*Asks:* 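Encoded as structure tokens, here's the structure I'll be asking about.
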Amino acid sequence: MAGTFITFEGIDGSGKSTQLRLVSNFLREHGCETVLTREPGGTTIGSRLRAALLDANEEVDPLTELLVFAADRAQHVRRVLRPALAAGQVVISDRYADATVAYQGAGRGFDSSLISQIVELATEGLVPDLTLLFDISVRESTSRTMRRSNARNKRDRLDIEHADFHERVREAYLQIATSEPNRVKVIDTSGSVETTQGKVKAILIPFLRT
């Protein structure tokens, strides 16, 4: 029996990673075998690539960034995602191909046809069954990432991008949701963690029961 592939997307500070952990715990408590992963960094090689890509002191050329993310995804698809799905597991990934469309496409300004080709090459056509897009204003996102970075005394390379970069990324995510409403469900995360969790469960539980 084929598994189920679910992705969580959104700009930094949207709360997606917190919700992913909460959902994973909830599903496991109810006997649903779940694989929790992320991009970049879902494999051993990916963890090393992630450290370099997100290092705020590292000067990464935009094309290098695009290709390294693609390399990470290719490894992730082949070593983690496809094997888990073939085993009938529920796979939940913190970011996937939509992130490349939003961050490297809209954010960095790469041509959409190039982005599509690279995404297709890395994924071999593997598309999520469901994507939850956690949406929040860039202003609130910045406030949250600042609080988070102050707590850990560190900001990553994407955190320090200008607001207009994050506005482009957010708009691209919303455009994806508009173009693929059956797959992508938008969740407003401006409220509390508990409120957002309720919204997530309201979408996810009926989906997994079908």
Side-chain angles (χ1 to χ4, degrees), residues 3-42 54 89-103 106-107 127-156 158-161 163-210:
T4 303
F5 184 23
I6 300 168
T7 57
F8 282 27
E9 297 279 0
I11 61 176
D12 293 331
S14 62
K16 60 179 176 51
S17 299
T18 297
Q19 293 301 322
L20 188 148
R21 290 191 295 271
L22 292 173
V23 164
S24 177
N25 291 337
F26 173 80
L27 292 177
R28 286 170 178 164
E29 288 171 0
H30 288 77
C32 181
E33 187 175 2
T34 307
V35 174
L36 184 65
T37 187
R38 67 178 181 176
E39 288 193 0
L54 299 183
Q89 296 174 309
V90 174
V91 178
I92 308 177
S93 182
D94 186 341
R95 293 210 170 112
Y96 184 58
D98 291 324
T100 291
V101 175
Y103 278 88
V127 177
D129 299 298
L130 174 69
T131 296
L132 301 186
L133 173 55
F134 295 86
D135 183 50
I136 195 170
S137 70
V138 170
R139 181 175 182 178
E140 178 60 22
S141 165
T142 301
S143 176
R144 290 183 180 183
T145 55
M146 285 293 292
R147 291 197 298 270
R148 181 181 67 192
S149 62
N150 287 338
R152 68 187 185 191
N153 197 30
K154 186 177 181 180
R155 302 183 73 193
D156 69 39
L158 294 178
D159 285 342
I160 61 178
E161 288 287 349
D164 59 348
F165 173 85
H166 293 290
E167 291 285 4
R168 293 195 301 273
V169 172
R170 181 189 180 215
E171 182 58 32
Y173 269 132
L174 294 174
Q175 288 177 2
I176 293 170
T178 298
S179 64
E180 299 185 60
N182 291 331
R183 174 177 70 87
V184 184
K185 308 300 179 183
V186 181
I187 297 175
D188 179 356
T189 65
S190 59
S192 67
V193 170
E194 293 75 19
T195 298
T196 300
Q197 186 180 16
K199 296 176 182 178
V200 171
K201 288 180 179 179
I203 295 171
L204 201 56
I205 293 174
F207 174 80
L208 291 173
R209 285 175 176 169
T210 58

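All values reported here derive from a predicted model rather than from experimental measurement. In this chain, residues are counted from 1 in sequence order.
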*Asks:* What is the minimum heavy-atom distance between C32 and V90, and which atoms define it?
*Replies:* SG-CG2, 3.5 Å
*Asks:* List the atom of V186, the atom of A177, and the distance in Å for their closest heavy-atom pair.
*Replies:* CG2-CB, 3.5 Å
*Asks:* When you compare the side chain of F26 with that of L22, does any pair of heavy atoms fall below 4.5 Å?
*Replies:* no
*Asks:* Between T178 (side chain) and L174 (backbone), is there a donor-acceptor pair under 3.5 Å?
*Replies:* yes
*Asks:* For the side chain of S141 and the backbone of S137, is there at least one donor-acceptor N/O pair under 3.5 Å apart?
*Replies:* no
*Asks:* Please check if the side chain of T196 supplies one atom and the backbone of S192 the other of a donor-acceptor pair under 3.5 Å.
*Replies:* yes
*Asks:* Measure across I11 and S14 and return the closest heavy-atom pair with its distance rounded to 0.1 Å.
*Replies:* O-OG, 2.9 Å
*Asks:* Would K16 and D98 satisfy salt bridge (charged side-chain N to carboxylate O under 4.0 Å, His left out), going step by step from the backbone distance to the final call?
*Replies:* CA-CA 14 Å; K16 60 179 176 51; D98 291 324; over 6 Å; no
*Asks:* Under 3.5 Å, is there a donor-acceptor pair between the R38 and Y96 side chains?
*Replies:* no
*Asks:* Tell me, do T18 and V193 make a side-chain contact under 4.5 Å, heavy atoms counted?
*Replies:* yes
*Asks:* Verify, without hydrogens or angle tests, whether D129 (side chain) and F5 (backbone) share a donor-acceptor contact under 3.5 angstrom.
*Replies:* yes
*Asks:* Should D164 and R170 count as an ion pair when the cut-off is N to O under 4.0 Å?
*Replies:* no
*Asks:* Return the minimal non-hydrogen interatomic distance between Q19 and Q197, and the atom names on each side.
*Replies:* OE1-CA, 3.1 Å
*Asks:* Taking all heavy atoms of A172 and all of A102, pick out the closest pair and write down the distance.
*Replies:* CB-CA, 3.8 Å
*Asks:* Would R168 and E171 count as a salt bridge (charged side-chain N to carboxylate O under 4.0 Å, His left out) here? Give the steps.
*Replies:* CA-CA 5 Å; R168 293 195 301 273; E171 182 58 32; over 6 Å; no
*Asks:* Side chain of T7, backbone of S93: donor and acceptor closer than 3.5 Å?
*Replies:* no
*Asks:* Assess, by modelled atom type and distance only, whether the side chains of D94 and S17 contain a donor and an acceptor separated by less than 3.5 Å.
*Replies:* yes
*Asks:* Whether the T131 and R183 side chains hold a donor-acceptor pair (N or O, under 3.5 Å, no angle test) is what I'd like checked.
*Replies:* yes
*Asks:* Does any non-hydrogen side-chain atom of R144 lie less than 4.5 Å from one of T189?
*Replies:* yes
*Asks:* For T34 and R28, indicate whether the former's side chain and the latter's backbone hold a donor-acceptor pair under 3.5 Å.
*Replies:* no
*Asks:* What's the separation between atom CG in L132 and atom CZ in F134, rounded to the nearest 0.5 Å?
*Replies:* 5.0 Å
*Asks:* Apply side-chain contact (heavy atoms from CB on, under 4.5 Å) to the pair V23 and N25, showing each step before the final yes or no.
*Replies:* CA-CA 5 Å; V23 164; N25 291 337; over 6 Å; no
*Asks:* Answer yes or no: is there a side-chain heavy-atom contact under 4.5 Å between L36 and V91?
*Replies:* no
*Asks:* Check the orientation of Y103 and Y173. Use parallel for under 30°, tilted for 30 to 60°, and perpendicular for over 60°.
*Replies:* perpendicular
*Asks:* If we only count heavy atoms from C-beta on, is the D135 to I187 side-chain gap below 4.5 Å?
*Replies:* no
*Asks:* Kindly compute the distance separating CG (L20) from CD1 (I92), expressed to the nearest 0.5 Å.
*Replies:* 5.5 Å
*Asks:* Any heavy-atom pair between the side chains of F8 and L130 that's under 4.5 Å?
*Replies:* no
*Asks:* Could you go through the side-chain contact (heavy atoms from CB on, under 4.5 Å) check for L133 and K185 one step at a time?
*Replies:* CA-CA 6 Å; L133 173 55; K185 308 300 179 183; over 6 Å; no
*Asks:* Just how far is it from atom CD1 of I203 to atom CG of L208, taken to the nearest 0.5 Å?
*Replies:* 11.5 Å
